[in-house]
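We number each residue from 1, following the sequence as shown. Values reported hereafter were calculated over all heavy atoms of this structure, with side chains retained and with hydrogens, waters and symmetry mates removed.
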Amino acid sequence: VQLQASGGGLVQAGGSLRLSCAASGRTSVVYDLGWFRQCPGKEREFIAAITWSGGRIRYTDSVQGRFTISRDNAKNTVLLQMNSLNVEDTGVYYCAARRANWGISSGYEYWGQGTQVTVSS
């Protein structure tokens with residue numbers, strides 16, 4: 001499974017960005033696809049995930065109500081709409097996929113390259 005993330009950039013606080021993760025290859029083995037981020041000086045953290053069927057969605061508390069994850073079935077793409085961005089959202093955002101449910105944020109074995117999100121004050 002290959003993942004290609006895109007959509008990062010520079011935005012002012014309060015603004016919005018939409019990230020995209022295009023999946024290719026053996027997507028039939030994918031159970032769900034998640035977004036993670038690594039903020040400066042911090043460890044990588046789980047943000048949101050959606051099952052490949054689209055039936056189950058999860059968010060971490062810090063983005064609940066501001067970020068929306070969705071799937072475009074026709075394009076094998078998962079989107080992360082990020083609204084009301086603040087400076088603390090600055091970081092490198094990664095998409096990842098896994099073949100089974102190993103818990104909230106474990107077992108992700110396929111990773112895309114990161115895309116930088118910078119929120120200015």
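- The OG1 atom of T27 sits 10.0 Å away from the CD atom of Q2 when rounded to the nearest 0.5 Å.
- When atom types are taken as modelled, the side chain of R98 and the backbone of S106 share a donor-acceptor pair closer than 3.5 angstrom.
- Note that the CG atom of L19 and the CZ atom of R37 stand 11.0 Å from one another [nearest 0.5 Å].
- A continuous path of hydrophobic side-chain contacts links I57 to L80 [ILVMFWY only; heavy atoms under 4.5 Å].
- Side-chain contact between D89 and M82: absent, with no pair of heavy atoms (C-beta onward) separated by less than 4.5 Å.
- Ring geometry for Y94 versus W111: interplanar angle over 60°, hence perpendicular rather than tilted (30 to 60°).
- In this structure a side-chain-to-backbone donor-acceptor pair under 3.5 Å is present from R66 to S84.
- Remark: side-chain polar atoms of Q113 are paired, donor with acceptor, to backbone N or O of A5 under 3.5 angstrom.
- Cluster annotation: F36 is not connected to L33 through the hydrophobic network of ILVMFWY side chains, with a link wherever side-chain heavy atoms come within less than 4.5 Å.
- Across all non-hydrogen atoms, the minimal contact from G8 to V117 is CA-CG2, 4.1 Å.
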Test side-chain contact (heavy atoms from CB on, under 4.5 Å) applied to R56 and N101, step by step: CA-CA 11 Å; R56 184 181 178 200; N101 184 355; 3.2 Å; yes
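- Taking OG of S20 as the reference point, atom CD of Q81 lies at 11.5 Å (rounded to 0.5 Å).
- To the nearest 0.5 angstrom, K42 atom NZ is 10.5 Å from T90 atom OG1.
- Side-chain contact between V78 and W35 is present, with heavy atoms from C-beta onward closer than 4.5 Å.
- In this structure, the side chain of Y31 does not engage the main chain of W102 through any donor-acceptor pair within 3.5 Å.
- By the criterion of side-chain heavy atoms lying less than 4.5 angstrom apart, applied directly or through intervening Ile, Leu, Val, Met, Phe, Trp or Tyr residues, V29 is grouped together with I50 in one hydrophobic cluster.
- Under 3.5 Å, the side chains of Q4 and S6 contain no donor-acceptor pair of N or O atoms.
- Of the inter-residue distances, the one linking I69 atom CD1 with L79 atom CG reads 9.0 Å to the nearest 0.5 angstrom.
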Is there a side-chain contact (heavy atoms from CB on, under 4.5 Å) between L85 and F67? Walk through the geometry before answering. CA-CA 9 Å; L85 286 163; F67 291 11; 3.8 Å; yes
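- Closest non-hydrogen pair, V92 versus G114, comes out as CG1-CA, 3.6 Å.
- For the residue pair D32 and Y108, the shortest heavy atom distance occurs at OD1-OH, 3.1 Å.
- In the hydrophobic clustering of ILVMFWY residues, with side-chain heavy atoms under 4.5 Å counting as a link, F46 and L3 come out apart.
- Here the closest non-hydrogen pair linking S120 and L10 is CB-CD1, 4.3 Å.
- For the pair N83 and S16, the tightest heavy-atom approach, listed with the atom from each and the gap, is OD1-OG, 2.9 Å.
- A donor-acceptor pair under 3.5 Å links the side-chain atoms of R58 to the main chain of I104, judged by distance alone.
- Separation of atoms OG (S105) and CZ (R44) is listed at 9.5 Å; rounding is to 0.5 Å.
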